[in-house]
Undergrad: 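Have a look at the structure that comes next, please.
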Amino acid sequence: MSIIEINNLSYVYMKATPYESQASKNVSLSVEKGEVLAIIGPTGCGKSTLVKHLNGLIKPEPGTVIVDGSDIGEKGVSLKDLRRRVGLVFQYPEYQLFEETVAGDIAFGPEKFGFSEDEVKSAVREAMEEMGLDASMSKRSPFSLSGGEMRRVAIAGVIASRPSVLVLDEPSAGLDPVSAERLTDMIINLNRKKGVTVVIVSHSMDEVIKIADRIALMNEGSIIASGTPEDVFSSEEVFDKMRLFLPQSCSLLVALKERGLPVRTNICDSDGCVQEILAVRSGIKHADNGADNGKVKK
Amino acid sequence: MNFLKNITIGQYASGDSFLHRMDPRFKLVILLVMVIQCFLLDKWLLLIAPFMFFVVASFLSGISFRFIMRGLKPVVPFILIAFICNSLLTPGHPVLMWKPPFAFSFSTDISGPVPEFDFFMIAMTAEGLDFGFFMSMRLIIVVLAASLFTLTTSPTEITDAIESLLRWGRPIGLPAHEIAMMMSIALRFIPTLTEHLERIVCAQMSRGADFEAKSIIEKAKCFIPVLIPLFVNAFKTAEDLSIAMEARCYRGGDGRTKLRAMKASWRDFASSAFVAVFCAALNYFQFFSRSI
């Protein structure tokens, strides 16, 4: 069952000025309940604009965005309610922190969405737990934290409102690899344990390959492919366009194939990649009986 | 979120037109001279000439006239207020009069001049209309001229021009370079801050903040979650910038050369000459019409 459905959505940035540019054209996409969908594409391909539509920050015209069965472009649809159900984490969300204490900042969302006092408290506690923030941190100033901690506080501030869909715009941009991985794990957890539908925007394939059930590739404002990671990477045409954005394991396989080895290139995770190379290698060994061994090692 | 995006005043539209290629110093001086000239004229009929001057200039700028006129939008209320107040409050010969039925009057004679003071009388006078027209024309011309200048001159060029012109004041201790540097940094930060502001507003809105509160106190409270991050950001960026400048050995304007030196060309001399003749002619007409 799809929880979000986008139909023929287009958006023109700064309409009727010399700076006018088409940010997205004819985008259609659906997000299934409980899945992790990754939207990938180069910088400026319209990912962030698309994400703003999901939250009603931009009116869909032309096109429709249907969340949980209700068209958000229609009059009378409560945007506030929509924003509670669809949590949106912006790029570099640590820049939105403003309260005196961590707990106060996380409580901002739930308070605005009309949670009762007890609900707010438990929501804050839960959100901090989920983001791996120690309870002792709650009385500290968010501005005294490290960058990674600030980011997690900001994300906690969004999930505290208990959204059923969590949309993250490049959540690990600018983090060190360890913090980035930890954050990714937390997001996976949120999806697996709480059943939160996750839409994650990224331009790093390596990051999303780990968590995405489905991938949508965007380029120049439109979606050029979508499906499981394997499906997307096996399409030749997509391949040519998105070469630079392949996960490292995949580009290794492509490079090997170009040198004449019979490897499959639609494998995305690093373990599968290692196995494929080993299998192909032993296959060649058997066939040529050592004659081409030097070539393979190269 | 599209607010702050529709303001054309102060925006720069890159191009390669006659106006774009003029020396910014000449453009600035011509702008000042023309604005002063407008304030020296005392008949709205005469103001048509400088208005036409800037209309022609905007065709020379290569920017669509519609886009330039959109810059006038924010000043329309001011123009209207100036027009209405002037036309109603100037004493003189009435063309339209309205008197509330409950009001008693000192004079019932409509054909004569309105008395200096009639509290209940609302009268549009010929003199007022004339003066209102005059004021609005002047406002329109000044805004048009200023936005034409900023549309065709990049912020760097503007500050370069100001620095170069302020250098005349250096013997009396005017810190020309510092003023120009401060201005260019301030200008440079407007789009950055706008972008930050928009992002923060969006982020807080998606966290449930709404900016359509009723009372003034509520409204002010709404802006705390926006202003605090904005200021934190601004201070951070300012510090980063100062460190970056120091790391590149910035030490003021002495002995500093420019990547793009400003050079006057035939365009500048031709337009200066034209403006000189234009202003002389206007002043002559003004004097001439007064003496009749």
Side-chain angles (χ1 to χ4, degrees), chain A residues 11-20 48 51-52 54-59 78-100 104-115 141-143 150 154-161 163 166-167 169, chain B residues 1-8 11-15 17 20 61-71 73 151-152 191-213 218 221-237:
Chain A
Y11 180 69
V12 180
Y13 184 67
M14 293 190 78
K15 211 168 184 165
T17 67
Y19 315 101
E20 178 178 304
S48 298
V51 155
K52 278 188 190 167
L54 300 182
N55 210 254
L57 291 170
I58 305 176
K59 274 228 148 126
S78 159
L79 285 179
K80 204 162 177 169
D81 190 46
L82 168 78
R83 284 171 190 156
R84 195 198 67 69
R85 283 181 290 141
V86 181
L88 177 52
V89 178
F90 275 82
Q91 242 175 73
Y92 299 105
E94 57 271 28
Y95 288 135
Q96 76 198 33
L97 299 174
F98 71 98
E99 273 279 5
E100 286 166 61
D105 205 283
I106 297 173
F108 178 74
E111 272 166 11
K112 287 284 164 190
F113 287 124
F115 284 34
S141 159
F143 296 106
M150 277 168 90
I155 298 176
V158 174
I159 60 176
S161 312
L166 184 63
V167 184
D169 193 352
Chain B
M1 293 304 300
N2 263 329
F3 70 131
L4 295 175
K5 277 276 159 73
N6 292 325
I7 301 174
T8 24
Q11 244 180 25
Y12 173 61
S14 57
S17 67
H20 282 92
S61 74
I63 303 164
S64 84
F65 196 63
R66 237 182 78 217
F67 184 69
I68 298 172
M69 289 317 271
R70 207 186 295 169
K73 237 187 216 166
L151 276 169
T152 58
T192 314
L193 288 178
T194 315
E195 210 175 286
H196 277 315
L197 177 66
E198 244 183 83
R199 267 236 312 259
I200 294 166
V201 167
C202 276
Q204 307 298 26
M205 265 168 74
S206 62
R207 283 170 84 190
D210 54 63
F211 297 96
E212 286 115 39
E218 283 286 304
K221 267 191 188 159
C222 282
F223 280 97
I224 292 174
V226 173
L227 287 180
I228 289 176
L230 191 67
F231 273 101
V232 170
N233 258 322
F235 285 128
K236 220 167 164 176
T237 338

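Keep in mind the model is a prediction, meaning the values are calculated, not measured. Below, chain A is the first sequence line, B the second, and so on; all start at residue 1.
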Undergrad: To the closest 0.5 Å, what do you measure between CE (B/Met205) and CG (A/Asn55)?
TA: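 That separation rounds to 8.5 Å.
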
Undergrad: Mind listing the closest non-hydrogen atom pair of A/Phe108 and B/Ala209 along with its distance?
TA: CZ-CB, 3.7 Å

Undergrad: Output the distance between atom NZ (A/Lys112) and atom CD (B/Gln204), rounded to the nearest 0.5 Å.
TA: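 A/Lys112 atom NZ to B/Gln204 atom CD measures 10.0 Å (nearest 0.5 Å).
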
Undergrad: How about A/Asp105 and B/Arg207: do any of their side-chain heavy atoms sit closer than 4.5 Å?
TA: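 Counting from C-beta outward, A/Asp105 and B/Arg207 do come under 4.5 Å.
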
Undergrad: Is B/Phe231 atom CZ crowded by more than 12 heavy atoms from other residues, nucleotides or ligands, each under 6.0 Å away?
TA: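 No, because the 6.0 Å sphere around CZ of B/Phe231 holds 12 heavy atoms or fewer from other groups.
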
Undergrad: For residues 82-89 of chain A, give me every residue with a non-hydrogen atom less than 4.5 Å from any non-hydrogen atom of chain B.
TA: A/Arg83, A/Leu88

Undergrad: Quick check: do A/Tyr95 and B/Pro229 have side-chain heavy atoms less than 4.5 Å from each other?
TA: no

Undergrad: Measure the spacing between CZ of A/Phe143 and CD1 of B/Ile228 and express it to the nearest 0.5 Å.
TA: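 The distance works out to 7.0 Å.
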
Undergrad: Taking side-chain contact (heavy atoms from CB on, under 4.5 Å) as the definition, give me every residue that meets it alongside B/Ala203, ordered by chain and number, with sequence neighbours left out.
TA: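 By the side-chain contact (heavy atoms from CB on, under 4.5 Å) rule, B/Ala203 matches A/Phe90, A/Gln96.
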
Undergrad: Among A/Asp81, A/Leu79, A/Val158, A/Leu97, which residue forms the greatest number of heavy-atom pairs with chain B at distances under 4.5 Å?
TA: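 If we count pairs closer than 4.5 Å to chain B, A/Leu97 comes out on top.
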
